[in-house]
Structure formats: structure tokens, C-alpha cells
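Reading through the C-alpha cells given below for one structure.
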Amino acid sequence: MPIAGREVPVSKQDKVLFPQAGLTKRDLADHIEHVAEVMLPHMRDRPLTLQRFPDGIDADGFVQKQASEHFPDWLDTVDVPLRDGGSQRAVLGSSEAALTYLVDQATIEFHIWPSTVAALDCPDLLVIDIDPPESSAPIGEIRSVARRLQDLFGELGLLAYLQATGGRGFHVLAPLDRSADFEAVRRLAGDIADALVADDPNRLTTEFRKENRGDRIFLDVNRNGYGQTFIAPYSVRARPGGSCAMPLDWSELAGAWPNGWDMRRAHRRLAQKTDPWQRLHDERLACSPGEAERRLAALRE
DNA sequence: GCGCTAC
DNA sequence: GTAGCGCAACGCTCA
DNA sequence: TGAGCG
């Protein structure tokens, strides 16, 4: 794969990693080539968690946070303090070459922190994961939850952004001004989720344990934690069709499916549409978690 | 996917 | 040379 | 303290 500034070889390009769809490592490398320009701004300063599947998605893959000893020197890493006092060298996806190298290592899913190296302890993103049960839920209900989150975010002064996860649900996120730590942001996210659950307790839940969720849609706020991650925009998912996480405009929600974009459809889309998250990191649009929490409290009186 | 060890 | 093996996660919540 | 969860 010829990449501006650096030549990154991709081995075994014909290796089939998605048996059902017949997709190969070459398809993954091509995907990176197509999406790198819009993907990199959302990744470059965030520690990565990799999900690698050297023998394809039907075999056991593994999760990787610590950069391997054999990873090349030119791959950017960041020293991440661990809770037990130790630390870990985490990989950064700071260039197309880096992403291509990681694809060569059979990385299929790229997961990112909701904070950046500028302030690992203070998230610049709030993330709420709308996670339907494995039995799934009517698409209309799932979309309606996303819409309700958008409305509530708006009332709290939070800018709402939407992503189809490539799995069963959607992410709704908001840019933050880094004025609060994870504890405060997780509390805000929890309060937002609780407010929605209170209005629709038969369809929504924040129950931690799967067995207690029943067939309700799980509002997962646990991504708002130190060292926690969510699926990077434009990342492929380790699913039979090779679906992608896809940032969406809110106007697209009415016809959107969580796993509605495979690699080919993603490439066609990017050829004719700019990144809906283009302004996500415009600091002038970042919101204050403290202010949002105050507005939510006022709303509940 | 890689690297080390044992044959 | 190569087959086999070990390794590649963490933080949080609830019981 | 540890299993479950993502």
C-alpha cells in the first residue's frame, strides 16, 4: 500500500477475514485508504483499543491496548497511567500509515477514548450508547430513543451528534469543554439516561446486568470512564457483512439502520457527502458538563 | 500476527 | 526450516 | 472479592 510519506507493506492481502462476505485483508486496507482523511481527525489524539482477528472473525480475536514490542518505532504511542499506579504504552492512530500497519496486524475494530492526550482525565466527548437487546427492537423505537436524546441534549445546551455503530444501535454524543472529569461526566450521562428511562420504563433500562434488562433497550453510559472506549467513526466492525460505524446527520436518522453501511456503501457515501462530524472538534462549540447538569436539575423541578 | 523454543 | 505455543485488556458496577 | 459487562 503506497502511502504518502511512508510505504507500508500489507502481507497476505488475499486472506479472507470475513468468510460470509468474502472480504479480505486487502478490502480492509482499501477501506482505510478511502476513509483515512475523515477518520484521522477523530482518532489522532486518542489512545486506541484494537480488536484483532488474525484468523478472521469466525475465530477468536483478541483485544489489545498495550503496543506490542514488535510494533515499529514510527508508530506513535502515548504513556497511559493505569489505575493501579503502573502505566501502559497505548497506540495512537495518528496517520494513514499507522492505520494501514494496524490493519496488516489484522486489526478490524478501532475503539477510541472519549478523552485525548491533551487531558486524559477530562473527556472532550460525552457518549451514550443506545444498545438494543440481542433479540433486537423495532427500528422505529431505536430511532425514537435517539431522537429523544437529541431533544434532551438540546434542552441542556449540549450539541448532539449521531453515529450508526455498525452493530445493533446508535451512539449519541456531545462535545465537551474539558471542564469536568470522568466522574462528573459519567454522572451527567447517567442522569440523562435516567431521565429517559423514567419516561419510558417499559422500553428503556440502565440495568447493568443483562438478565435484568429483559427485552428493553439498554442506555449504556459506561463508556464515559477513564480507559473506556467506543467504536471509532468509520471503523469496520467484526461482523459478518463487514459493516462500518457511520457518522450521520440527524436528517438521515428516519431512514437509518445501525448496520446499514458496509465498506462499499461507506466509500460511495464519502464520495458525495462530507463528514457529518466535521465540526465536532470545533472548540467554540464545546459544552460545559456542569452547566448541562444544572439545566437538567432545573428541568426536573 | 509475531517471536521464541524445541526438534 | 518449521510446528507449536503463548501472548495480545482495562475500569467500572453490582452481588 | 470477584463475576459480569462492554
Side-chain angles (χ1 to χ4, degrees), chain A residues 8-17 24-26 28-29 46-57 59-72 75 77-91 98-115 120-121 123 127-134 163 165-171 173 181-190 193-194 205-214 216-232 235 237-239 245 258:
Chain A
V8 178
V10 175
S11 67
K12 300 177 182 167
Q13 298 198 20
D14 292 322
K15 184 159 191 175
V16 175
L17 298 180
T24 62
K25 201 202 265 187
R26 175 181 293 104
L28 283 183
R46 301 174 193 280
L48 288 176
T49 295
L50 311 173
Q51 288 197 16
R52 294 173 52 192
F53 297 84
D55 298 314
I57 63 168
D60 287 336
F62 58 90
V63 174
Q64 180 168 21
K65 296 191 168 190
Q66 168 89 39
S68 295
E69 209 60 49
H70 69 267
F71 283 3
L75 261 195
T77 60
V78 57
D79 198 46
V80 174
L82 299 181
R83 221 170 156 271
D84 67 9
S87 74
Q88 186 173 66
R89 282 260 134 212
V91 188
L99 300 185
T100 302
Y101 175 80
L102 295 170
V103 160
D104 182 50
Q105 293 291 299
T107 302
I108 292 184
E109 300 197 358
F110 293 88
H111 296 252
I112 55 176
W113 284 38
S115 59
L120 289 175
D121 290 317
V127 186
I128 295 184
D129 176 19
I130 302 167
D131 186 13
E134 281 174 43
Q163 158 160 277
T165 63
R168 284 196 308 275
F170 294 97
H171 287 339
L173 45 161
D181 62 14
F182 274 109
E183 186 188 345
V185 172
R186 190 166 55 246
R187 190 183 321 120
L188 171 61
D194 288 342
T205 181
T206 53
E207 274 290 344
F208 179 67
R209 292 196 173 255
K210 271 187 171 179
E211 55 183 13
N212 295 335
R213 293 180 199 159
R216 294 177 290 182
I217 296 170
F218 176 43
L219 292 180
D220 183 8
V221 301
N222 299 312
R223 311 299 89 231
N224 302 284
Y226 184 82
Q228 303 303 295
T229 60
F230 64 100
I231 189 70
S235 173
R237 303 307 301 269
R239 289 172 182 262

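Each chain gets a letter, A, B and so on, in the order its sequence line appears, and its residues count up from 1. It should be emphasised that the depicted structure is a prediction, and the values quoted were computed from it without experimental measurement.
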[N] OP1/OP2 closer than 4.0 Å to side-chain N/O of [X]:
X: Q88(A); N: dC10(C); answer: yes
X: R186(A); N: dT13(C); answer: yes
X: K12(A); N: dG1(B); answer: yes
X: R213(A); N: dG6(D); answer: yes
X: K25(A); N: dG1(B); answer: yes
X: R83(A); N: dC12(C); answer: yes

Counting only N and O atoms by type, is there a donor-acceptor contact under 3.5 Å from the side chain of [X] to the main-chain atoms of [Y]?
X: N224(A); Y: V127(A); result: yes
X: Q88(A); Y: P81(A); result: no
X: R213(A); Y: P133(A); result: no
X: K25(A); Y: D14(A); result: no

So [X], base contact, sugar-phosphate only, or nothing? Heavy-atom distance under 4.0 Å.
X: Q105(A); value: sugar-phosphate
X: L50(A); value: nothing
X: Y226(A); value: sugar-phosphate
X: D55(A); value: nothing
X: E69(A); value: nothing

Given atom [atom1] of [X] and atom [atom2] of [N], what is their separation to the nearest angstrom?
X: R209(A); N: dA3(D); atom1: CZ; atom2: C1'; result: 6 Å
X: F53(A); N: dC7(C); atom1: CZ; atom2: C1'; result: 16 Å
X: D60(A); N: dC7(C); atom1: CG; atom2: P; result: 15 Å
X: E207(A); N: dC14(C); atom1: CD; atom2: P; result: 8 Å
X: Q64(A); N: dC10(C); atom1: CD; atom2: P; result: 11 Å
X: H70(A); N: dC7(C); atom1: NE2; atom2: P; result: 16 Å
X: D104(A); N: dA8(C); atom1: CG; atom2: P; result: 20 Å
X: F71(A); N: dG1(B); atom1: CZ; atom2: P; result: 12 Å

### Task
For the side chain of F208(A), starting at C-beta, report the closest nucleotide among dC5(D), dC10(C), dA9(C).
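The answer is dC5(D).
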
### Message
If you only use heavy atoms from C-beta on, which nucleotide in dG1(B), dA9(C), dG6(D) is closest to the side chain of K210(A)?
### Response
dG6(D)

#### Entry: Presence of salt bridge, E109(A) and R52(A), under 4.0 angstrom
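No, this pair does not count.
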
### Message
Need to verify one output field. Residue with the more 5' nearest nucleotide on DNA chain C, P81(A) or R52(A)?
### Response
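Whichever sits nearer the 5' end wins; that is R52(A).
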
### Any donor-acceptor N or O pair under 3.5 Å, side chains N212(A), T205(A)
no

#### Entry: Rounded distance in Å between the P positions of dG1(B) and dC10(C)
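Those two atoms are separated by 23 Å.
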
#### Entry: Nearest-angstrom distance, C1' atom, dA9(C) to dA3(D)
16 Å

